[in-house]
Structure formats: C-alpha cells, structure tokens
Colleague: 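The structure's right below; bear with me while I get my questions together.
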Amino acid sequence: MTYFNTISKINYEGAGSTNPFAFKFYNPKEEINGKTMEEILRFGVAYWHTFTMDGSDPFGSGTMIRSWDKFKGMDLAKARVEAAFEFFEKLDVPFFCFHDVDIAPEGDSLRETNQNLDIIVSMVKDYMKTSKTKLLWNTANNFTHPRFIHGAATSNSADIFAYSAAKVKKGLEVGKELGAENYVFWGGREGYETLLNTNMKLEMDNLGRFLQMAVDYAKEIGFDAQFLIEPKPKEPTTHQYDFDVATGYAFLQHYNLQDHFKFNIEANHATLAGHTFEHELRYARVHNMLGSVDANQGDPLLGWDTDEFPTDLCSTTLAMYEILKNGGLGRGGLNFDAKVRRGSFEQEDLFHAHIAGMDSFAVGLKVANKLIEDRVLEDILDNRYMSFTDGIGLDIAEGKTNFHELEQHALNLGEVKHQSGRLEKVKATINQYLLRAYTGE
Ligand code: XUL
Ligand code: CO
C-alpha cells in the first residue's frame with residue numbers, strides 16, 4: 001500500500017525553481033572538496049516526529065491527518081513502516097532514527113513488547129534490503145511510560161533500573177540487527193525535580209554503572225556502533241544530569257567512559273542550556289567528542305523545546321562551519337529531530353518541512369565551505385592570537401614558563417596596546433558570504 005500518492009520523488013531543481021516539491025539548494029550529487037553533499041550532510045528522518053506523533057500538546061489533542069491512522073495496534077505499526085520507507089525513498093534521504101516505542105507498540109509485558117519489536121524489526125530489515133536508507137541510530141524510550149515516573153537508570157527503584165537495562169539491552173540487539181551506525185542515550189528522565197528527595201550521588205553513580213554495562217554488552221555481542229550522549233539541561237525534569245556538552249564530558253571522564261562515547265548535539269537543547277548551537281558543537285569538536293547532530297531550532301521567545309525544522313541560515317552556516325572543521329560527522333549525521341507545527345497538519349507538510357531543513361543545511365554547507373576556503377575566520381584568529389606565537393606568548397603556549405618569569409615580564413611592560421575585536425565587521429562579512437553564495441559574485 002502507498003500513503004503519499006500525490007507526491008513523487010523530490011529532485012534538485014536549483015535556486016530559481018518554483019516547484020514546492022523540489023530542492024532549491026540541496027543537490028545530493030554535487031561535490032564539495034571531493035565529497036558529495038549527500039555524503040557530507042548525512043540527513044536522517046526522525047521516525048517519532050514524522051510517523052508516530054499526532055500533534056497533541058499540553059493544551060490540545062492531536063491534529064495530524066495521517067493516512068496510516070486508519071489502522072490500529074500492530075497493523076498501524078506495519079503501515080507506518082510502509083509509509084516511512086515510501087517517504088524515505090521519495091525524499092531520497094540516506095538515514096532514519098527511531099526509539100523502540102516509535103516502531104512497535106508496547107505489549108502487556110516486557111516479553112510481549114520484545115515480541116512486537118521483533119516482528120517490526122524483521123519487517124524494517126526486509127525493507128532495508130532494497131532501500132538505500134540506513135539506520136543512523138536507534139534508542140530506547142525510557143521516559144514516556146508511567147513506570148519511568150522517577151527516572152530510568154537514575155530511578156529510586158532498582159526494579160526500574162533493571163527494566164531500563166533490559167530495554168537498552170534489547171535496543172543494542174536491534175541496533176546490531178539493523179546495522180545502526182550509532183546508538184543514542186538521551187536521559188529523558190535522568191535528572192530530578194527537587195534535591196529535597198534526591199540522592200544525587202547514588203543516581204549519578206548508577207547512571208555511570210548503567211552506561212558501563214551498556215558498553216560491556218555491546219562489546220559482548222559485537223555491536224560496534226558509536227555510542228552517543230544527547231545533552232539537554234531540563235524538560236521533562238527540572239535538572240537533567242547531562243545538562244550540556246561540558247557537563248556531559250565531565251560526567252563521562254569521572255566514570256572513565258570518555259573513550260566509548262561522543263555527543264549527539266541538538267540545537268534546541270543547546271539554546272535551552274543558555275548556549276548557542278555552535279557553542280555546543282565547538283565545545284564537542286575541540287575535545288574530539290562531536291558525534292552527531294539533532295538538527296532543529298528553537299523559538300527564542302519560548303523557554304521550551306519547540307523542535308522546529310531548521311530554517312535559520314546563519315545558524316546552519318555556523319553549525320556547518322564547526323562540522324567541516326571537525327572533518328565531517330564521521331558515523332554521525334544530521335537527524336531532523338523536528339516536528340511540523342500543530343497547524344501544519346497535512347501529510348504534504350512533512351515534505352515541505354524536510355525540504356526546508358535540507359535546503360537550509362545545504363546553504364549552510366556551501367557558505368561555511370567558502371568561509372573556510374577564504375580563511376575568513378582563520379585569519380581573524382591568527383591575527384587576534386598573534387601574541388602567543390613568539391616571545392613570552394610562545395613560552396606560555398608551550399608550557400615553558402612560570403610565575404617568576406611572568407612576573408618579570410609584567411614588571412618590565414610598558415603600555416599594552418589592544419586591537420579592536422571588529423565584531424560588527426565580522427558579522428557583516430558573514431552576511432556578505434551568505435548573500436553571495438548563490439549570486440556567484
Ligand atoms: C528529546 C529528544 C529525543 C532524543 C532521543 O528532547 O531530543 O527525541 O533525540 O531520545
Ligand atoms: Co533529540
């Protein structure tokens with residue numbers, strides 16, 4: 001059965017196209033430095049937002065009109081797989097991502113849930129034999145069901161800790177079965193609402209032990225995916241233990257897990273933490289911990305996770321700058337952890353949304369690549385930090401000096417001349433590059 005009957009394959013038609021069902025900037029086969037856009041950008045579709053969620057919010061019920069919703073239970077799960085692979089093919093997207101509960105309904109017991117999962121996983125595996133779309137990552141949803149009311153690996157209940165472990169164990173087996181490139185840990189409820197009833201030390205130690213057991217089990221079964229922590233500061237909890245990349249990195253180092261994990265960085269999680277998207281990418285990159293990206297954007301006027309499709313070209317440019325400087329995303333990708341607005345309830349909106357996101361990152365890629373080619377930001381940095389390239393500065397940078405020498409240097413200093421930061425000039429230059437990207441000037 002088919003579900004998107006009025007829509008055919010989305011092709012690249014160029015910046016002047018007026019066809020809403022065409023890419024204007026994302027040209028999968030176009031090469032940039034010897035790699036195609038498709039290979040660099042590694043786009044993924046998030047199963048939950050696109051095929052499972054219904055548009056409900058805390059104030060209103062679902063609005064999405066989905067042709068597969070006429071089915072129920074396992075039939076609905078199967079219909080979603082059919083619809084998903086039709087969508088992937090029409091969008092010509094190389095990856096998808098899912099939580100266990102997105103693809104198969106929970107049964108009355110964990111055993112039954114696993115059986116449901118097995119049926120759908122074997123169906124997905126069959127589709128993957130003929131589809132080009134691969135699994136970027138899967139994960140366990142250890143936050144929606146009421147059993148996770150007080151957390152999963154950080155629950156006060158040891159039984160729930162065990163239940164959560166069983167779900168991740170199954171997730172690792174599923175990831176291996178489907179050849180997942182990565183496995184994601186987003187600590188949905190791994191945090192607290194109040195310290196007044198929380199044993200922070202025990203909860204964090206348990207989370208460390210949980211992740212170590214996951215590493216051990218993946219090794220045991222020969223599942224070689226890259227493990228990813230996805231930081232988020234709050235929501236649904238008041239405070240999440242994986243607040244941001246810096247906090248997550250300290251956590252990983254404390255529990256000696258840093259060699260087994262990288263980060264999956266989500267734009268809207270960065271802004272909830274009070275950072276820019278590019279800050280989180282930069283922090284991960286300079287520590288060699290940038291693994292993958294959940295591509296979306298938040299609403300600066302709202303204090304919660306709005307998961308909008310990314311359309312801010314300045315943000316996609318600065319994000320692609322970090323990704324290119326990282327030498328690419330490796331086994332990671334750009335997963336659209338993004339949902340159409342509640343008012344965009346028609347199926348064709350799913351295409352418009354993904355086309356908008358893919359085109360926005362394609363622009364970001366081209367502009368960032370040009371900025372790097374012309375050494376725009378590199379020259380600024382070289383010039384700005386020049387004082388560390390010889391004399392006392394070089395000694396500092398090479399760790400060859402001490403407070404005695406530095407004091408002598410300071411005592412003999414005359415007036416120190418500063419250079420302007422030229423912030424406005426830099427911003428104007430970025431705008432110039434953005435606007436020039438397609439005029440060819
Ligand atoms: C929630 C979120 C999740 C993770 C996977 O904010 O981003 O969907 O990406 O569990
Ligand atoms: Co996410």
Side-chain angles (χ1 to χ4, degrees), residues 42-58 95-103 106 135-145 148 151-154 164 167-168 170-172 174-175 180-191 207 210-211 214 225-245 248 261-273 275 277 280-281 284 290-299 302-310 319 329 332-340 353-354 357:
R42 296 169 64 84
F43 287 127
V45 172
Y47 207 94
W48 54 104
H49 284 309
T50 299
F51 308 108
T52 310
M53 285 186 177
D54 64 2
S56 52
D57 70 14
F95 291 105
F96 71 113
C97 303
F98 64 81
H99 303 79
D100 44 9
V101 302
D102 306 331
I103 62 166
E106 289 200 68
L135 185 56
L136 185 64
W137 52 261
N138 63 313
T139 185
N141 177 326
N142 283 352
F143 44 89
T144 298
H145 193 282
F148 301 115
T154 62
S164 308
K167 284 193 73 190
V168 171
K170 183 72 181 167
L172 297 172
V174 166
E181 299 266 351
N182 306 273
Y183 187 87
V184 163
F185 294 84
W186 171 57
R189 293 188 190 273
E190 311 295 29
L207 183 56
F210 188 95
L211 296 176
Q226 172 67 57
F227 276 14
L228 301 170
I229 298 269
E230 184 177 321
K232 184 173 182 179
K234 55 190 169 190
E235 196 190 315
T237 64
T238 310
H239 175 91
Q240 308 238 151
Y241 292 130
D242 51 1
F243 191 95
D244 59 2
V245 176
F261 287 82
K262 287 193 172 182
F263 288 97
N264 182 37
I265 295 168
E266 180 162 326
N268 204 166
H269 295 181
T271 49
L272 283 180
H275 303 308
F277 183 19
E280 288 292 82
L281 293 167
L290 174 51
S292 198
V293 171
D294 269 7
N296 63 14
Q297 69 185 29
D299 186 325
L302 301 176
W304 62 91
D305 198 10
T306 61
D307 284 345
E308 295 173 29
F309 273 83
L329 285 166
L334 293 170
N335 164 50
F336 290 112
D337 190 352
K339 59 184 175 211
V340 288
H354 283 86

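All of these numbers come straight from a predicted model, not from anything done at the bench. Counting convention: from 1, in listed order, for ligands and their atoms alike. No hydrogens, no waters, no symmetry mates; every other heavy atom, side chains included, goes into these values. Positions are given from 1 along the sequence.
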Colleague: Just to the nearest 10 degrees, tell me the angle at the Co ion (ligand 2) spanned by Asp337 OD2 and Asp294 OD2.
Modeller: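 Taking the Co ion (ligand 2) as the apex, I get 90° for this pair.
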Colleague: Any N/O/S atom, backbone or side chain, of Glu266 lying under 2.8 Å from the Co ion (ligand 2)?
Modeller: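 Yes, within the cut-off.
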Colleague: State the atom name: nearest N, O or S atom of Glu230 to the Co ion (ligand 2).
Modeller: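 This turns out to be OE2.
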Colleague: At less than 4.0 angstrom from any non-hydrogen atom of Trp48, what atoms of ligand 1 do you find?
Modeller: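 Answer, ordered by atom number: 8 (O).
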Colleague: Would you say the ring centroid of His269 lies under 6.0 angstrom from that of Phe263?
Modeller: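 Distance test on ring centres: not under 6.0 Å, no.
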Colleague: Mind checking whether Trp137 contacts ligand 1 via backbone (N, CA, C, O), side chain (CB onward), both or neither, at a 4.0 Å heavy-atom cut-off?
Modeller: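 It is the side chain that gets close, since no backbone atom is under 4.0 Å.
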Colleague: Between Phe210 and Phe185, is the ring centre distance below 6.0 Å?
Modeller: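 No, ring centres 6.0 Å or more apart.
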Colleague: Answer yes when Lys167 and Asp100 have at least one side-chain N-carboxylate O distance shorter than 4.0 Å, and no when they do not.
Modeller: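 So Lys167 pairs with Asp100 through a salt bridge.
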Colleague: Hey, is ligand 1 close enough to His99 that some N/O pair sits below 3.5 Å?
Modeller: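 Yes: some nitrogen or oxygen of His99 is under 3.5 Å from one in ligand 1.
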Colleague: Test your reading of the structure: does Asp307 have an N or O sitting under 3.5 Å from an N or O of ligand 1?
Modeller: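 No, since none of the N or O atoms of Asp307 sits under 3.5 Å from an N or O of ligand 1.
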Colleague: Among side-chain atoms of Trp186 and Asp242, is any donor-acceptor pair under 3.5 angstrom?
Modeller: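 No donor-acceptor contact under 3.5 Å links the two side chains.
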Colleague: What is the ring orientation for His99 with Trp137, classed by angle as parallel under 30°, tilted 30 to 60°, or perpendicular over 60°?
Modeller: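 Rings of His99 and Trp137: perpendicular, as their planes differ by over 60°.
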Colleague: Regarding Asn296 and Asp307, do their side chains bring together a donor and an acceptor under 3.5 Å, going by distance alone?
Modeller: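 Yes - a donor-acceptor pair under 3.5 Å links their side chains.
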Colleague: For Glu230, counting its heavy atoms only, list the atoms of ligand 1 lying under 4.0 Å from any of them.
Modeller: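 Result: 2 (C), 3 (C), 4 (C), 5 (C), 7 (O), 9 (O).
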Colleague: With backbone taken as N, CA, C and O and side chain as the heavy atoms from C-beta onward, which portion of Asp294 lies under 4.0 Å from ligand 1: side chain, backbone, both, or neither?
Modeller: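 The side chain, only.
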Colleague: Answer yes or no for Asp337: is there a heavy-atom contact with ligand 1 below 4.0 Å?
Modeller: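 Yes.
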Colleague: Between His239 and Thr237, which heavy-atom pair has the shortest distance, and what is it?
Modeller: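 Looking at all heavy atoms of both residues, the shortest contact is O-OG1, 3.0 Å.
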Colleague: Is it the case that ligand 1 has an N or O less than 3.5 angstrom from some N or O of Lys232?
Modeller: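 By distance alone, the answer is yes.
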Colleague: Testing the basics here: between His145 and Glu106, what is the closest heavy-atom pair and its distance to 0.1 Å?
Modeller: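 Distance-wise, the nearest heavy atoms are CD2-OE2, 3.8 Å.
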Colleague: So which bit of Asp305 gets within less than 4.0 Å of ligand 1, heavy atoms only: side chain, backbone, both or neither?
Modeller: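 The answer is the side chain of Asp305.
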Colleague: Strictly under 6.0 Å, is that where the ring centroids of His49 and Phe336 end up?
Modeller: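 No: the rings miss the under 6.0 Å criterion.
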Colleague: Looking only at heavy atoms of Glu235, does any of them come nearer than 4.0 Å to an atom of ligand 1?
Modeller: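 In this structure, Glu235 fails to qualify as a contact of ligand 1 - no heavy atom is under 4.0 Å.
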